[in-house]
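A quick write-up on the structure given underneath.
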Amino acid sequence: MNTSHISSIEDQNALVFTGNHLLGIEGLSAAEITSLLDLAESYVDFNRQEEKSLTTLCGRTQINLFFESSTRTQASFELAGKRLGADVMNMAVASSSINKGETLLDTAMTLNAMQPNLLVVRHGSSGAVKLLAQKVDCSVVNAGDGQHEHPTQALLDALTIRRNLGCLEGLTVAICGDILHSRVARSNILLLNTMGARVRIIAPPTLLPDHADRLGVEVFHDMRKGLKNVDVVMMLRLQLERMTAALIPSRREYFHHYGLDYDKLAYASPDARVMHPGPMNRGMEIASAVADDLNISLIHEQVEMGVAIRMAVLDALSRERSGGDQ
Ligand code: ASP
């Protein structure tokens, strides 16, 4: 397909998502989530073409402001903005005035004065991105705030599941490992519950948040029991950088009890798929052989879906800002 004449992808259904910002999955309806997934679906095909440039965001400025390190999320937001035609700037936080003691809000107000249209922010403190969104004039996307939410990760996971298993409703999804520190787990639990999936969380008691039972999930401490007949096994990285105390006995012992290998995976449904948001600690939370098994692992597809989802989110937010006239 020749794309040179295409200026934007017109989604077939009206876009139900109506926010000015995307700060979390919390508060999104099933219809809003579905409309973002449907829009992203059209970008999947587009991204597989030789030519990948649209003019949807032509003339708009997108600033990526990452206070925590990132590979997949920052790269895919950058690609997403560029493929949609935006001017994309990555703030080099390490060499910015943040190192001279400037506060988050001063940095945000400085960038705001440059009149961006979209600000994509990752920050180590839960709630920081929401605070920032209240101060600036443009749309803000949460690219991960502390242990709170990582909405585009949950959306790309949902798109990956939907493409491979046909739907989300009625599936049983096990989220395993460091639930306590994981914004990915939190956003996924919210999204999967909203979409009618059944969610199990499997973790040692030290890696569960207080009142985990109130999250609308089933809690397990034993991988073999928790994985029984599940459709999707979502593994989480041990967030060693957020651990202030010794929460796991040793890496070896952790892998023995909670690392995903073929032996534990055998308890899941025979068609079960394996996911991991990355970056992976191979041999700690997941065996390399399982992660690299193309018959069951969706890890590379998750990365691919990340670009499509981020294009959909940037597109949807800028439609809102221009009064839904696109
Ligand atoms: N990349 C994901 C995040 O930023 C998962 C992780 O780092 O473990 O939350």
Side-chain angles (χ1 to χ4, degrees), residues 22-26 64-80 90-91 93 120-130 132 140-161 173-192 201-204 206-209 215 232-244 247-248 251 254-255 258-260 274-286 288 290-291 297-310 313:
L22 180 68
L23 301 177
I25 296 297
E26 190 165 16
N64 297 334
L65 181 58
F66 280 61
F67 293 89
E68 279 191 338
S69 49
S70 169
T71 306
R72 281 151 284 269
T73 307
Q74 183 164 351
S76 58
F77 266 115
E78 181 176 353
L79 271 185
N90 289 310
M91 268 295 292
V93 169
V120 179
V121 187
R122 168 170 289 188
H123 197 275
S125 303
S126 307
V129 182
K130 184 174 178 193
L132 191 144
V140 175
V141 185
N142 181 2
D145 64 325
Q147 298 166 210
H148 178 230
E149 278 230 41
H150 193 350
T152 55
Q153 177 72 46
L155 287 165
L156 75 88
D157 289 340
L159 184 61
T160 308
I161 296 173
V173 180
I175 306 178
C176 318
D178 188 356
I179 312 283
L180 176 64
H181 300 105
S182 179
R183 52 196 177 207
V184 174
R186 203 179 133 70
S187 290
N188 264 304
I189 291 168
L190 289 163
L191 185 147
L192 291 164
I201 54 178
I202 314 175
T206 50
L207 292 180
L208 281 176
L215 295 171
V232 177
V233 186
M234 209 180 261
M235 299 307 298
L236 298 174
R237 181 175 68 89
L238 275 170
Q239 312 239 326
L240 299 170
E241 76 278 18
R242 297 190 209 279
M243 292 187 195
T244 47
L247 299 178
I248 54 166
R251 293 171 186 221
Y254 182 81
F255 182 78
Y258 292 98
L260 187 68
V274 173
M275 303 174 77
H276 191 302
M280 283 183 277
N281 293 311
R282 288 171 179 268
M284 239 171 117
E285 68 256 357
I286 188 164
S288 273
V290 173
S297 169
L298 301 179
I299 295 170
H300 289 298
E301 193 170 333
Q302 286 174 272
V303 178
E304 183 186 0
M305 294 310 121
V307 181
I309 278 292
R310 285 158 185 142
V313 167

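In each ligand, atom 1 is the first atom listed, and ligand 1 is the first ligand listed. Given the structure is predicted, the values throughout are model-derived calculations rather than measurements.
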From CA spacing to verdict: side-chain hydrogen bond (donor to acceptor under 3.5 Å, both in side chains), Glu149, Ser187: CA-CA 5 Å; Glu149 278 230 41; Ser187 290; 2.6 Å; yes
Less than 4.5 Å apart, side chain to side chain, heavy atoms only: is that true for Arg237 and His276?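 SC-SC contact between Arg237 and His276 confirmed.
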Between Tyr254 and Asn281, is any pair of side-chain heavy atoms under 4.5 Å apart?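 In short, these two side chains do not touch, never coming nearer than 4.5 Å.
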side-chain hydrogen bond (donor to acceptor under 3.5 Å, both in side chains) against Arg251, all qualifying residues, sequence neighbours excluded: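 In terms of side-chain hydrogen bond (donor to acceptor under 3.5 Å, both in side chains), with neighbours along the sequence ignored, Arg251 is linked to no residue.
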Using a 4.0 angstrom limit on heavy atoms, which residues are close to ligand 1?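 The answer is Arg122, His150, Arg183, Val184, Arg237, Gln239, Gly278, Pro279, counting any residue whose heavy atom sits under 4.0 Å from ligand 1.
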Pair Lys130 + Glu26: basic N to acidic O under 4.0 Å: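 No, this pair does not count.
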Partner of Leu155 under side chain to side chain contact (heavy atoms under 4.5 Å, CB included), chosen from Leu191, Asn188, Thr160: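 Of all the options given, the one that passes is Leu191.
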